[in-house]
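Here is how names work: the chains are called A, B, and so on, in the same order as the sequence lines, proteins then strands, and each is numbered from 1.
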There are 2 protein chains.
Amino acid sequence: MATPLEKAHKDPESMKARILAVACRIFGEYGFHGTTTRMIAQEVGIDISTLHYHWGEKKDLYEAVILDINKDLGQKLIDVEKIIHGLPLGERMAIAIDTMTDYFFARPEISNIMLFRYIAKTRDNVDLRVPEFTADIARSMGLAKKSFNLADSMPDSRVNSAANLPNYTPPRAMLEVLAVMNAIHNFISGENFFRPMVNLEREEYIKAVKETLKFVLIPAFVQREGETRQS
Amino acid sequence: MATPLEKAHKDPESMKARILAVACRIFGEYGFHGTTTRMIAQEVGIDISTLHYHWGEKKDLYEAVILDINKDLGQKLIDVEKIIHGLPLGERMAIAIDTMTDYFFARPEISNIMLFRYIAKTRDNVDLRVPEFTADIARSMGLAKKSFNLADSMPDSRVNSAANLPNYTPPRAMLEVLAVMNAIHNFISGENFFRPMVNLEREEYIKAVKETLKFVLIPAFVQREGETRQS
DNA sequence: GTTTGCTTCCATCAAATGATGGAAAACATA
DNA sequence: TATGTTTTCCATCATTTGATGGAAGCAAAC
C-alpha cells in the first residue's frame, strides 16, 4: 500500500530503524526482562511514546529484533557457504570458524540474543529459522545428505516418518552443528566474564578464541571423514 | 554464636533452605530480572515478607544462590577428579563428560545460572571461584603444570609476572576448559529449544548429547597428547 | 500461665515500568 | 499560505515489583 512509508521505515537513518538497532544492542546486553523501553528510548534520545508509536508494545519490538537478527545471520551464512564451497573439510571449518567469529565479535548482540533465547524460558514462537539454519549448515558441512529422500526407493513407507522428508537432517548432525555454533557464541557473549579470567587484551583474546575453537572443534570431524573414506 | 539458629538454617527442611532451593530453580529458569520475589514466595507457598525476613533483599538471595551453586559444583568436580585420576586422557574426558552431563541434566538450574552470568551484563563480584575451578580442571586434564614455579630457577625475574605465580594457568588452557564446560552447559540449558528441533524424547536427547559431546570434544586433546609424547 | 524470642502473614508504600491520549511540532502538498 | 498527514513529546494511568512495619502466631523457658 503506502510505498513511501514502508521505504522510509527501511532506511537505516529512519527513526524506526534507529530504534531497532539500539533495541538490538540493549536487549542483547540485558535480556528481555532486564531491558526497559525507557532504556532504549533514552539511548536513542527520544521519548518512550515515540518508541511505542513506531513499534507497538515491547514484545513486538523484541520480536522484530529477533527477525532482524535471523535475516542478517542467514545472509552471512550464505556468504560464508559461497566462500568455502568445494574446499576440503578441515579448511572449510577453519575458514567458517574464523569468519563467523569475526562476525559475532563485531555484533556481539547477535550471540547474546541467540543464547538468551536458548536459555531463558519463553513462550514466543518467532523463531522458525534456527532449526532451518542448523540443518543448512549440517548439509553444507556434509553431515547430512542433500535433499535425501528415502521415499523414492521405499514408496510404501509411512509419509509421516520424519526420516523420509526431503530435507531431513539426523539428530546427531543437528547436535554437532549446534555444538560448533554454540561454542562460538559462548566466547563472544562471555567475553566480559572470560577475558579478565585469562587476562588478555581484546585483540589477543579474539585471536586466542579463534585458535582454541579451531583446535577443539576441527579434529573430530576431519578424523571421522578420513575413517569414512577409508572404509 | 547462635549455634542452634545456624544449624536450623542449614537443615534442608528449614524455611531458609527451602526458599534457597526454589530461588535457585526460578532464577535459573527466568534469569535475575525475569524472576520476581513474588514468584519465588508463591512457589514456596509463603508470603514475600517471609522471604525478605530470611534473605534480605532480592540481590542477597541471588548471591546466596550463586554461592550455593559454586559450592555444590566445586564438590562435584572434586568427586569426578577422584574417579578419573590416573586414567588415560581419552577415558578421563569420556567419564568426566558423562558424569558432568548427568549431573547438570539433574540440576539444570546450575547450567542456566552459569550461562546467565556469562552472558548478561553484571556488576556483582560474587564469583571468585569460576576462574579457580577452570584452572583446577585445566591442571586435572594435564593442560597446565601443577604448581609450576619459574621463580625457583629464575630468582631475579619480576615477582609480578603472572607466568611466575605458583598456580598460573596459561590462557589457552583456560579457554580450552571453558570450551568443554560451556559445550555441556549449552545442551542442558538449551534443551527446551534444541530437543524439539531434533525431535527426540528426553532420554534419547540426553544420550545423543553425551555422544555428540564426546565425539566433538575428545579427539583434539587425545591427538595433541599423542603428538606431544612422540616428540 | 506468663514471658520471651523467633517466625509468619497482612496491609501498605514508593518506585519502576509498560502503555496511552492528546496537544504541539514538523513535514508535505496543493 | 492553508490544509492535511505524520511524527514527536508531555502528562498521566494502571500494574508490577521490591521492600517494610507491625500485628498475630507459636514454641520453648521460666
Side-chain angles (χ1 to χ4, degrees), chain A residues 1-24 26-27 29-66 120-124 126, chain B residues 1-24 26-27 29-66 120-124 126:
Chain A
M1 317 269 190
T3 315
L5 195 146
E6 282 190 10
K7 203 193 275 177
H9 283 179
K10 276 167 191 166
D11 171 15
E13 292 303 316
S14 74
M15 183 54 70
K16 193 167 182 180
R18 278 172 56 205
I19 296 171
L20 186 69
V22 171
C24 185
I26 311 278
F27 277 129
E29 284 183 34
Y30 299 93
F32 181 77
H33 292 291
T35 300
T36 70
T37 53
R38 279 172 174 82
M39 285 164 69
I40 299 170
Q42 187 175 8
E43 195 80 359
V44 181
I46 57 170
D47 190 275
I48 349 166
S49 14
T50 304
L51 184 149
H52 282 101
Y53 169 76
H54 284 288
W55 287 107
E57 58 181 54
K58 185 185 176 186
K59 205 172 178 178
D60 294 334
L61 176 56
Y62 182 68
E63 294 188 357
V65 166
I66 305 270
K121 236 182 183 173
T122 173
R123 329 104 207 143
D124 57 45
V126 203
Chain B
M1 317 266 191
T3 316
L5 194 146
E6 282 190 9
K7 204 193 276 178
H9 283 178
K10 277 168 190 166
D11 170 16
E13 291 304 314
S14 74
M15 182 54 70
K16 193 166 181 179
R18 279 172 56 205
I19 295 171
L20 186 69
V22 171
C24 185
I26 311 278
F27 276 130
E29 284 182 34
Y30 299 94
F32 180 78
H33 292 291
T35 300
T36 69
T37 53
R38 280 171 173 83
M39 286 166 69
I40 299 171
Q42 188 174 10
E43 195 80 0
V44 182
I46 56 170
D47 190 274
I48 348 166
S49 13
T50 304
L51 186 150
H52 281 100
Y53 170 76
H54 284 288
W55 288 106
E57 58 182 55
K58 184 186 178 186
K59 204 172 179 178
D60 295 335
L61 176 55
Y62 182 69
E63 294 188 356
V65 166
I66 305 269
K121 236 181 182 174
T122 172
R123 332 100 206 146
D124 57 45
V126 202

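When rounded to the nearest whole Å, the span between NE2 of A/H33 and P of D/dT16 equals 14 Å. Atom CD in A/E57 sits roughly 18 Å away from atom P in C/dT17 (whole-Å rounding). To the nearest angstrom, C1' of D/dT7 lies 13 Å from NZ of A/K16. In this structure, B/K58 atom NZ and D/dT20 atom P are separated by 14 Å, rounded to whole Å. For the pair B/H52 NE2 and D/dT17 P, the computed distance is 13 Å after rounding to whole Å. Protein atom CE of B/M15 is 8 Å distant from nucleotide atom C1' of C/dT8, rounded to whole Å. Regarding B/K59, its NZ atom lies at a distance of 19 Å from the P atom of D/dT17, rounded to whole Å. One interatomic measurement links the two molecules: CD of B/Q42 to C1' of D/dG18, which rounds to 16 Å at whole-angstrom precision.
Considering only side-chain N and O atoms, A/H54 lies under 4.0 angstrom from the phosphate OP1 or OP2 of D/dT8.
The list of side chain to side chain donor-acceptor pair (under 3.5 Å) pairs with a residue in residues 38-52 of chain A, not counting sequence neighbours, reads A/R25-A/E43, A/D47-A/S49.
Taking the ring axis of A/F32 as reference, the NZ or CZ atom of A/K59 does not stay both within 45° of it and closer than 6.0 Å to the ring centre.
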Run A/L61 and A/F27 through side chain to side chain contact (heavy atoms under 4.5 Å, CB included) and show every step you take.
CA-CA 10 Å; A/L61 176 56; A/F27 277 129; 4.1 Å; yes
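Taking 4.5 Å as the limit, some side-chain heavy atom of A/M39 sits within range of a side-chain heavy atom of A/Y30.
When the nucleotides C/dA19, D/dT8, D/dG18 are ranked by their closest atom to the side chain of B/T37, D/dG18 comes out on top.
Taking CD1 from B/I26 and OG1 from B/T37, the interatomic distance works out to 11.5 Å, rounded to the nearest 0.5 Å. Annotation: the span from A/W55 atom CH2 to A/M15 atom CE amounts to 12.5 Å, rounded to 0.5 Å.
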Quick one: which protein N/O atoms are closer than 3.5 Å to N/O atoms of nucleotides 9-14 of chain D? Pair and distance per line, please.
unit_1: D/dC9; atom_1: OP2; unit_2: A/D47; atom_2: N; d: 3.1
unit_1: D/dC9; atom_1: OP2; unit_2: A/T50; atom_2: OG1; d: 3.0
unit_1: D/dC10; atom_1: N4; unit_2: A/S49; atom_2: OG; d: 2.6

